[in-house]
Every structure is written in structure tokens, then in C-alpha cells.
Amino acid sequence: TTTTSAPLNGADADTPTATALSAVPVRKRTLADYRLGRTLGEGSYSTVVAAVDLSNRRDYAIKVLDKRHIIREKKVKYVNIEKNTLYKLDHPGVVKLYSTFQDSSSLYYVLELCQNGELLTYIKKLGSFDESCTRFYVAQILTAVEYVHSQGVIHRDLKPENILLDHRMYVKLTDFGTAKMLEPSEDGTESDRANSFVGTAEYVSPELLTEKAACKSSDLWALGCIIYQLLAGRPPFKGSNEYQTFQKIVRLEYTFPAGFPKAAMDLVSRLLVHDPNERLGANNTIDQLKQHPFFDGVEWSELWNQPAPKLM
Ligand SMILES: O=C(O)[C@@H]1CCC(=O)N(CCc2ccc(Cl)cc2)[C@H]1c1ccccc1Cl
């Protein structure tokens with residue numbers, strides 16, 4: 001017979017002992033745990049307020065959703081998508097979700113505070129970015145999108161309003177309420193589609209308008225629009241109304257302003273391509289996108305350690 005020396009305290013080798021399990025229990029937060037400050041932003045379904053956690057005196061952004069409004073607008077499933085997606089993502093370029101709680105009227109998401117607000121504010125303030133600032137911000141957005149895609153998530157509504165800036169002026173992607181978690185089976189080439197939701201008119205990809213379905217490459221189309229907007233000061237497709245904008249998109253009706261840098265022009269024209277599979281970086285080849293001459297000089301490994309360039 002074989003004898004095994006059973007450990008004395010009954011726990012076998014890989015069961016943690018009692019001490020390892022006695023971490024301090026994390027109490028569910030409530031609104032009483034915070035001192036609420038100024039309103040940071042108002043969305044169609046949410047309000048974001050600055051807040052200080054009274055127990056650790058740290059700053060947060062609390063996103064508040066009104067339950068009645070969510071139910072009336074049939075957005076309940078987006079509530080869970082935002083929570084599950086944000087909890088799953090962990091990257092310096094993605095806003096962190098610390099906790100969620102609720103009361104009778106509202107849902108609360110305790111998020112990382114991005115002190116410097118939206119990228120859009122800076123585009124409006126400066127008119128446009130110079131090439132080196134554009135290169136830094138596009139590189140940070142691209143590595144954040146690359147990470148999000150690596151987790152099987154499509155953002156689906158990338159735009160300068162959803163790209164926040166933290167105290168170091170680093171990029172933080174936010175607003176994952178309309179993100180799509182691809183089922184593991186779906187995570188193949190761009191032929192795998194997530195359906196129904198349509199993003200913001202100026203950044204919506206053609207496949208979303210024609211086939212009602214987004215793929216990872218849809219986020220690359222939006223990136224192309226963002227690169228264009230940073231350098232030109234306006235998005236490439238802008239009609240006098242949503243329908244006009246959609247027409248320009250499906251007809252690929254856009255031109256570059258005089259003085260638009262050559263390498264950026266080449267990159268944008270390789271992203272604003274009808275066929276999602278033909279976009280530079282499609283089908284999990286973002287590495288090829290990173291090698292485009294526009295990014296010459298970017299130290300990808302130092303991108304999240306070096307100081308952000310002075311916006312001017
Ligand atoms: O998953 C969670 O953290 C809880 C689980 C229990 C729970 O009831 N909720 C809220 C569910 C919900 C979603 C939408 C509306 Cl309109 C009302 C309640 C979840 C919730 C609470 C706060 C914020 C978001 C969510 Cl999904």
C-alpha cells in the first residue's frame with residue numbers, strides 16, 4: 001500500500017492556511033463614504049461628479065446613473081456591460097473602476113479621476129495639435145486600444161470626448177457602456193461582428209452603417225478619424241446633420257487640408273478604408289500599424305513612463 005504523509009492540520013499542500021485568507025473584508029461602499037464635489041460631466045444617461053473617499057482622502061470620479069431613466073430608455077444591459085468590461089480591463093490607458101454600489105434611485109460607479117478632462121477640450125482650445133503632440137497621443141490611444149482588443153473587447157464609440165487625460169496628461173479611455181465583449185469564438189478576424197449599437201455619427205465606421213455590426217477594425221476607423229481631427233482641428237466626415245455625415249462616410253467623401261503632414265496623410269488613408277479587413281492593423285496586426293513611418297521616433301516601451309509633451 002502507498003502511504004502519504006497527510007499534513008497535520010488537515011489542509012493539503014495547496015490549500016492556503018487560515019492566515020492567508022484573513023484579508024480585511026472589503027465593505028460595500030455607500031454614498032455616505034464620500035464627500036461629493038463639482039460635476040465633471042453630464043452624459044445622456046449619467047452624471048459624473050468629483051468625490052473624495054472619506055476613509056482614505058483620495059479623489060475619485062463617481063458616475064451616477066438614474067435607474068428610472070435607464071429602465072425607460074431600455075439601457076439596463078449597458079449598465080452591466082460597463083461594469084463587467086471595466087472590472088476586467090487593467091491598463092494605464094484605461095480608466096479604472098474601483099467599485100459599484102446603488103441606492104433606491106441610482107447606480108454608482110467609483111472611477112479613477114482624470115483631472116484634466118476630455119481630449120476634445122484641448123483640441124478646441126488649441127485648434128489643432130502639432131505633429132509631435134499628435135504622435136504621442138495617438139501612440140498612447142493605440143496602445144490602449146491594442147490592450148482592450150487583446151482582452152476581446154471592442155470599444156465601439158472611440159472619440160475625443162471619451163478620451164480623458166489624467167494629472168500627467170496621459171490618455172485614459174472611458175465610457176465602455178457601449179463596448180462589446182466578443183465571445184471567445186467571435187475573437188477571430190474582422191468578419192466576427194458585434195451587432196446593434198451605433199456609435200457617434202462622425203466616428204462611425206461604414207460597416208456599422210451598412211451591416212449594423214462592429215468589429216475590432218471599427219475602432220481603427222475611429223482612430224483614423226481621431227488622427228485626422230487632431231491635426232486638422234475637425235473630424236474628416238462632418239455633414240450638416242447625421243444623415244449627411246453618414247452619407248459622407250459610406251461614400252468615403254473626405255479631403256485633407258493643405259499642410260496636412262505627409263506621413264499622417266498616408267496613415268489616415270490606410271485606416272479610413274471601407275473594407276475592415278484592409279485597414280492597417282486589422283485582424284490583430286496592430287504591430288504593423290505601430291511600424292508606420294508616422295510613428296518614427298516613438299519609444300513604445302517608454303510611452304507610459306516619459307513625460308507627456310507640452311501641448312501648444
Ligand atoms: O453587479 C453589481 O455590482 C450589482 C449587482 C446587484 C444589482 O442589483 N446591480 C444593479 C442592477 C440594476 C441595473 C440597472 C438598473 Cl436600472 C437597476 C438595477 C448591480 C450594479 C450595481 C451598481 C452599479 C452597477 C450595477 Cl450592474
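Reckoned from all heavy atoms, side chains included, excluding hydrogens, waters and symmetry mates. In this text the structure is predicted, and so the values were computed from the model without any measurement.
Dense packing is recorded around CZ of R72, with more than 12 heavy atoms of other residues, nucleotides or ligands lying under 6.0 Å away.
In this structure, the side chains of L142 and W300 come closer than 4.5 Å at one or more pairs of heavy atoms. With contacts defined as side-chain heavy-atom distances shorter than 4.5 Å, the pair F294/T134 qualifies.
One N or O on the side chain of N116 and one on the backbone of D166 form a donor-acceptor pair closer than 3.5 Å. Not a single donor-acceptor pair under 3.5 Å links the side chain of Y122 to the backbone N or O of G117. Between the side chain of R279 and the main chain of V273, a donor-acceptor pair closer than 3.5 Å is present.
Residue Q102 holds its CD atom at 8.0 Å from NZ of K28, rounded to the nearest 0.5 Å.
Under the 4.0 Å criterion applied to side-chain N and carboxylate O atoms, E73 and K75 are not assigned as salt-bridge partners. Between K262 and D266 there is no salt bridge, since none of the side-chain N atoms of the basic residue sits less than 4.0 Å from a carboxylate O of the acidic one.
There is a side-chain donor-acceptor pair under 3.5 Å between K159 and T200. A side-chain donor from one of D103 and Y108 sits under 3.5 Å from a side-chain acceptor of the other.
Note: F176 and H155 have perpendicular aromatic rings, judged against thresholds of 30 and 60 degrees for the angle between ring planes.
Aromatic pair Y228/F260: centroids less than 6.0 angstrom apart.
Relative to the six-membered ring of Y98, K96 meets both conditions, a distance below 6.0 Å and an angle of at most 45° to the axis.
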